[in-house]
Protein chains: 2
Amino acid sequence: MNTLSYGLLSLLSNSADSGYDLMRKIQPFWPAKHSQIYPLLAQLESGGYVQHTLVVQSDKPDKKVYSITPIGKEALRSWLTEPACEPNTRDELVLKLYCMEQGELADIRRLLETRVAYSQDKLAWLQAKLEVYSLQQPPPPLGTLLLMKKAEYHFESDLSWSEWALRQLVERQNQEEPNPR
Amino acid sequence: MNTLSYGLLSLLSNSADSGYDLMRKIQPFWPAKHSQIYPLLAQLESGGYVQHTLVVQSDKPDKKVYSITPIGKEALRSWLTEPACEPNTRDELVLKLYCMEQGELADIRRLLETRVAYSQDKLAWLQAKLEVYSLQQPPPPLGTLLLMKKAEYHFESDLSWSEWALRQLVERQNQEEPNPR
DNA sequence: ACGCCCATGTAACTAGTTACATGATTTG
DNA sequence: CAAATCATGTAACTAGTTACATGGGCGT
């Protein structure tokens, strides 16, 4: 049982889902491809943590809808008593910024502009989703709200930072080419 | 050439360093163990991107100090012209929060308290480091500043979120046990 | 017609972690 | 006297990505 397995159980503890949907839902919190998820679900099923029923669809391919079992819930319960391991972030942009002196300012500027746009998109998408959730009756479980708020905090700060960084860069650029013409 | 290789080159473009030091410096931006770094450095050397000189030390074990070559700098230059891939974060805590209904509120509370303390520590450490850097003469390269500021933004937001989440949880806890005695 | 979305799976590979191995020096 | 730090490396494993494979429906 690795972290991704627990993550899948965690999603299933809120609602039954197909492997395909689990894959998309877990992306923002724990990136994983379908090729990793399908075998894990089979493994979880053979361990008795989940079970599936085949749902036949006419317009779309048939799917396996997985649901959590009492054994799965017990596994989550004991997992929750253990401390969480430290979060880790891998961001290629920061590695690039560290050696920015080696390249063209225009390239670095493009990288930062891309990041600004990315954060804006993510933030807008999240806020739309939070809006929907706030109107929902009955209100969604507290866990869901905490997650979405965490993502909102994160992208707000990422946006602020990247905008600030871009301003720093533009300042530097102006210093290097003062008084055009 | 994978991202970690470029990351090592990026660090070396600012200062020559031993594998051991590179390992510690790259941690915050791209977690990696020494067992991954040493073979990569050997590979980078055989590709002509870096070279090392043996530095004999009396009080500590001898070390190999790597420095970047013109070929390495050229590799960085072309890497900087390519777009950076999207950042990804893996945080076990969010997976745990998502299934918090399955466990005890006290356990969840402990998890959040741990996170609050963690963010506070990181933030304090960073701000001390930023303080040192601001006094430094000559000022450090812009890239370094951008990175440290990014980390500061990040831990500030993480701290705000985790404190907010903890308040939400305590509220919920009070609702469940109203008017003690 | 071409490509994307849905849906599931396996095979081959790369990336990353844990464990094994060694050994001196400093700190509690 | 035990544990941490410095320093390098390899071996064995787990985790994660890319590529291969299939196939109907839907939009342009």
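Heavy atoms only: backbone and side chains are in, while hydrogens, waters and symmetry mates are out. Note that the structure is predicted; figures quoted are calculated from it, not measured. To find a chain, count down the sequence lines: A is the first, B the second, and so on, and within it residues start at 1.
Distance B/M1 CE to C/dT14 P: 15 Å, rounded to the nearest Å. To the nearest angstrom, P of D/dG16 lies 17 Å from CG of B/L4. Rounded to an integer number of Å, the gap from OH of A/Y38 to P of C/dA11 is 17 Å. Distance B/E92 CD to D/dA15 C1': 14 Å, rounded to the nearest Å. Atom CD in A/E45 sits roughly 14 Å away from atom C1' in C/dG9 (whole-Å rounding). C/dA7 atom P lies 13 Å from atom OH of A/Y66, rounded to whole Å. B/L54 places its CG atom 9 Å from the P atom of D/dT8, with the value rounded to the nearest Å. Between the C1' atom of C/dA15 and the CG atom of B/L40 lies a distance of 9 Å, rounded to the nearest Å.
In the set C/dG9, D/dT17, D/dT8, D/dT8 carries the atom at the smallest distance from any side-chain atom of B/K63.
A heavy atom closer than 4.0 Å to some atom of DNA chain C occurs in A/S18, A/G19, A/Y20, A/R24, A/H34, A/S35, these being the qualifying members of residues 13-37 of chain A.
The phosphate of C/dA15 (OP1 or OP2) has a side-chain N or O of B/N2 nearer than 4.0 angstrom. Proximity of B/Q57 to the phosphate of D/dA7: a side-chain N or O atom is located under 4.0 Å from OP1 or OP2. Remark: B/R90 is not in phosphate contact with D/dA15, judged by side-chain N or O atoms under 4.0 Å from OP1 or OP2.
Classification of B/R24 and B/D17 as a salt-bridged pair fails, no side-chain N sitting under 4.0 Å from a carboxylate O. Between A/D91 and B/K150 there is a salt bridge, with a side-chain nitrogen of the basic residue lying less than 4.0 Å from a carboxylate oxygen of the acidic one. Using a cutoff of 4.0 Å between basic side-chain nitrogens and carboxylate oxygens, A/R109 and A/E113 are scored as salt-bridged. Using a 4.0 Å cut-off between charged nitrogen and carboxylate oxygen, B/D158 and B/R115 count as a salt-bridge pair.
A donor-acceptor pair shorter than 3.5 Å cannot be found between the side chains of B/E156 and B/W161.
The neighbour count for B/E104 CD, taken as heavy atoms of other residues, nucleotides or ligands under 6.0 Å away, does not exceed 12.
Within the structure, ring pair (Phe, Tyr, Trp, His ring centres under 6.0 Å) pairs that include any residue of residues 19-41 of chain A comprise A/H34-A/Y38 (at least two apart or interchain).
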Check against side-chain contact (heavy atoms from CB on, under 4.5 Å), A/K96 and A/I108: CA-CA 8 Å; A/K96 294 201 177 195; A/I108 309 299; 5.7 Å; no

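Nearest heavy-atom pair across A/A75 and A/L9 is CB-CD1, 4.3 Å.
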Nucleotide-resolved protein contact map, nucleotides 22-28 of chain D, B/S/- at heavy-atom distance under 4.0 Å: -B-S---

